[in-house]
A.B. asks: 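Encoded as structure tokens, here's the structure I'll be asking about.
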Amino acid sequence: MLVWLLLAISIGCILAKKTYWQLPLILTLVAAMTFNVLTPIGATIIVSGLAIAYFTAQQHNKVLIYVGHSAVILWIIGLVLHLYPGINNLLVLDQVNSGPLSRPFTLYFNLDKPMLIFALLLLVPNIVSNNQYNWRSFSLSRSQISIIGGGLITLPLFAWALQLVRPELTLPSWWWIFAMNNLIFTCVAEEVLFRGYIQGFLCKKLTPSIAIIIASVLFGLAHFSGGPLFIIIATLAGILYGLSYYWTRKITIAIVVHFAFNLLHLVFFTYPLPL
């Protein structure tokens with residue numbers, strides 16, 4: 001658990017806009033190798049991806065920048081799909097049920113997927129600029145709050161209408177493990193990737209609405225393992241997160257909205273899917 005505690009500290013430093021996040025990250029990797037969470041091969045794969053991101057950010061040649069970004073994206077896909085050898089993620093929940101109507105659920109504390117946060121920060125240093133992590137400097141209009149709140153209510157109901165989930169009011173004993181993992185290691189990674197990096201890049205090239213839709217569709221497709229209906233719900237949820245990010249310019253708001261949606265799913269509906 002020391003590995004993921006250090007990893008959580010590293011991510012927390014980034015969210016708090018601290019410049020010394022590199023030290024706890026290095027300690028995370030050292031601890032991971034010490035406890036055989038990382039083998040030398042796994043450590044080499046992770047360090048290589050981080051190094052490519054760092055050196056790409058130093059380049060001025062457009063071809064090298066394009067190649068570097070492409071290499072990092074491919075590296076990230078491998079992380080998200082858990083394709084790389086030598087990375088032993090920690091099994092914390094094995095075939096548990098959130099309730100009698102829900103399918104068995106397995107949960108890992110992942111070391112590979114959160115590494116994309118650090119790579120993207122190295123690749124695009126200003127991805128956390130403009131005070132987007134400052135909670136005190138944002139405002140939402142009443143209509144925007146209504147849209148976000150309404151989305152958090154209607155999307156689960158829409159998933160129920162599609163028979164993707166069923167109502168089931170439960171709070172399993174392991175909810176706090178789910179919450180910590182989902183907030184720190186899942187929501188942060190996904191929002192930095194899909195909102196901070198992809199949506200942020202597309203907004204520079206396209207209109208904001210098109211950028212949000214494309215990023216949301218990609219976010220939906222990333223949840224292909226849940227099936228076509230799950231992709232639809234994830235895409236619509238992605239639009240909600242994308243609007244939260246666009247309206248506030250703060251990734252933390254998108255992270256909180258994302259986490260709130262997932263927690264509502266766990267507490268009020270079958271998780272992850274009905275039997």
A.B. asks: Identify whether Ile77 and Ile231 are in the same connected component of the hydrophobic contact network (ILVMFWY, side-chain heavy atoms under 4.5 Å).
C.D. replies: yes
A.B. asks: Side-chain atoms of residues 6-16: list all donor-acceptor pairs with protein atoms under 3.5 Å, sequence neighbours left out, distances to 0.1 Å.
C.D. replies:
from, atom 1, to, atom 2, distance (Å)
Ser10, OG, Leu6, O, 2.9
Ser10, OG, Pro24, O, 3.3
Ser10, OG, Leu25, N, 3.0

A.B. asks: Say you draw a straight line from SG of Cys203 to OH of Tyr246; how long is it, rounded to the nearest 0.5 Å?
C.D. replies: 6.5 Å
A.B. asks: Where do Val267 and Leu264 land on the side chain to side chain contact (heavy atoms under 4.5 Å, CB included) test, with the steps shown first?
C.D. replies: CA-CA 5 Å; Val267 174; Leu264 287 171; over 6 Å; no
A.B. asks: Please report the closest heavy-atom contact between His258 and Tyr241, naming both atoms and the distance.
C.D. replies: CA-CE2, 3.4 Å
A.B. asks: Which distance, rounded to the nearest 0.5 Å, do you find between the NE2 of His223 and the CZ of Phe219?
C.D. replies: 4.0 Å
A.B. asks: Under 6.0 Å from the ring centre and within 45 degrees of the ring axis: does the NZ or CZ of Arg195 meet both conditions for the six-membered ring of Tyr197?
C.D. replies: no
A.B. asks: How about His265 and Phe261: are their ring centroids closer than 6.0 Å?
C.D. replies: no
A.B. asks: When Ile, Leu, Val, Met, Phe, Trp and Tyr are grouped by side-chain heavy atoms lying under 4.5 Å apart, directly or through other members, which residues fall in the same group as Tyr108?
C.D. replies: Leu91
A.B. asks: Not counting sequence neighbours, which residues clear side chain to side chain contact (heavy atoms under 4.5 Å, CB included) with Ala179? List them please.
C.D. replies: Trp175, Phe259
A.B. asks: Show your working on side chain to side chain contact (heavy atoms under 4.5 Å, CB included) between Glu191 and Tyr245 and close with a plain yes or no.
C.D. replies: CA-CA 9 Å; Glu191 291 310 305; Tyr245 178 61; 5.7 Å; no
A.B. asks: Can Ile153 be reached from Leu236 by stepping across I, L, V, M, F, W or Y side chains whose heavy atoms are under 4.5 Å apart?
C.D. replies: yes
A.B. asks: Do Val67 and Trp75 belong to the same hydrophobic cluster, where Ile, Leu, Val, Met, Phe, Trp and Tyr are linked whenever their side-chain heavy atoms lie under 4.5 Å apart, directly or via other members?
C.D. replies: no
A.B. asks: In Å and rounded to the nearest 0.5 Å, what is the CD1 to CG distance from Ile87 to Leu79?
C.D. replies: 6.0 Å
A.B. asks: So do Asn88 and Leu38 actually touch side chain to side chain, heavy atoms under 4.5 Å?
C.D. replies: no
A.B. asks: Using a cut-off of 6.0 Å, state whether more than 12 heavy atoms not belonging to Ile41 lie near its atom CD1.
C.D. replies: no
A.B. asks: Do Ile255 and Leu183 come close enough that some side-chain heavy atom pair is under 4.5 Å?
C.D. replies: yes
A.B. asks: Quick one, Thr28 with Leu111, criterion side chain to side chain contact (heavy atoms under 4.5 Å, CB included). Give me CA distance, side-chain angles, the key distance, then yes/no.
C.D. replies: CA-CA 9 Å; Thr28 299; Leu111 181 66; 4.0 Å; yes
A.B. asks: Can you give me the closest heavy-atom contact between Leu202 and Ala211, atom names plus distance?
C.D. replies: CB-CB, 3.6 Å
A.B. asks: Would you compute the distance between atom CD1 of Ile251 and atom CZ of Phe194 and round it to the nearest 0.5 angstrom?
C.D. replies: 12.0 Å
A.B. asks: How far apart are the closest heavy atoms of Asn36 and Thr39, and which atoms are they?
C.D. replies: OD1-CG2, 4.1 Å
A.B. asks: What's in the same ILVMFWY side-chain cluster as Ile26, cut-off under 4.5 Å, chained through other members?
C.D. replies: Val30
A.B. asks: Indicate the atoms forming the closest heavy-atom contact of Thr248 with Leu140, along with that distance.
C.D. replies: CG2-CD2, 3.5 Å
A.B. asks: Is there a path of hydrophobic side-chain contacts, each under 4.5 Å between heavy atoms of I, L, V, M, F, W or Y residues, that connects Leu74 with Tyr66?
C.D. replies: no
A.B. asks: To the nearest 0.5 angstrom, please state how far the CD1 atom of Ile147 sits from the CG atom of Leu240.
C.D. replies: 9.0 Å
A.B. asks: Tell me the closest heavy-atom pair linking Arg103 and Pro272, and the distance in Å.
C.D. replies: O-CD, 3.9 Å
A.B. asks: Over 60° means perpendicular and under 30° means parallel, so tell me whether Phe109 and Trp4 are parallel, tilted or perpendicular.
C.D. replies: tilted
A.B. asks: Got a second to check how far Leu23's CG is from Leu27's CG, nearest 0.5 Å?
C.D. replies: 4.5 Å
A.B. asks: Do the non-hydrogen side-chain atoms of His69 and Ile65 ever get within less than 4.5 Å of each other?
C.D. replies: yes
A.B. asks: Any side-chain heavy atom of Leu275 sitting closer than 4.5 Å to one from Pro104?
C.D. replies: yes
A.B. asks: Show the atom names and distances, to 0.1 Å, of all donor-acceptor pairs under 3.5 Å that link a side chain in residues 156-168 to residues at least two apart or in another chain.
C.D. replies:
from, atom 1, to, atom 2, distance (Å)
Glu168, OE1, Ser102, OG, 2.6
Glu168, OE2, Leu101, N, 2.6

A.B. asks: Can you name the nearest heavy-atom pair linking Met115 to Leu50, along with the distance?
C.D. replies: O-CD2, 4.0 Å
A.B. asks: Using side-chain heavy atoms (C-beta onward) and a distance below 4.5 Å, is Asn182 in contact with Leu266?
C.D. replies: no
A.B. asks: A side-chain contact here means heavy atoms from C-beta on lying under 4.5 Å apart; do Ile213 and Val217 qualify?
C.D. replies: yes
A.B. asks: Spell out, yes or no, whether Tyr271 and Leu171 are grouped together once hydrophobic residues are joined by side-chain heavy atoms under 4.5 Å, including indirect joins.
C.D. replies: yes
A.B. asks: Do Thr186 and Asn181 have side-chain heavy atoms sitting under 4.5 Å apart?
C.D. replies: yes
A.B. asks: So, the side chain of Ser244 versus the backbone of Ile253: is there a donor-acceptor pair under 3.5 Å, distance only?
C.D. replies: no
A.B. asks: Would you mind reporting whether Met1 and Leu90 have side-chain heavy atoms less than 4.5 Å apart?
C.D. replies: yes
A.B. asks: Would Phe201 and Val124 count as a side chain to side chain contact (heavy atoms under 4.5 Å, CB included) if you check the C-alpha gap in whole Å, the side-chain angles of each, and the deciding distance to 0.1 Å?
C.D. replies: CA-CA 10 Å; Phe201 172 78; Val124 187; over 6 Å; no
A.B. asks: With sequence neighbours excluded, what pairs up with Trp174 under the ring pair (Phe, Tyr, Trp, His ring centres under 6.0 Å) test?
C.D. replies: Phe105
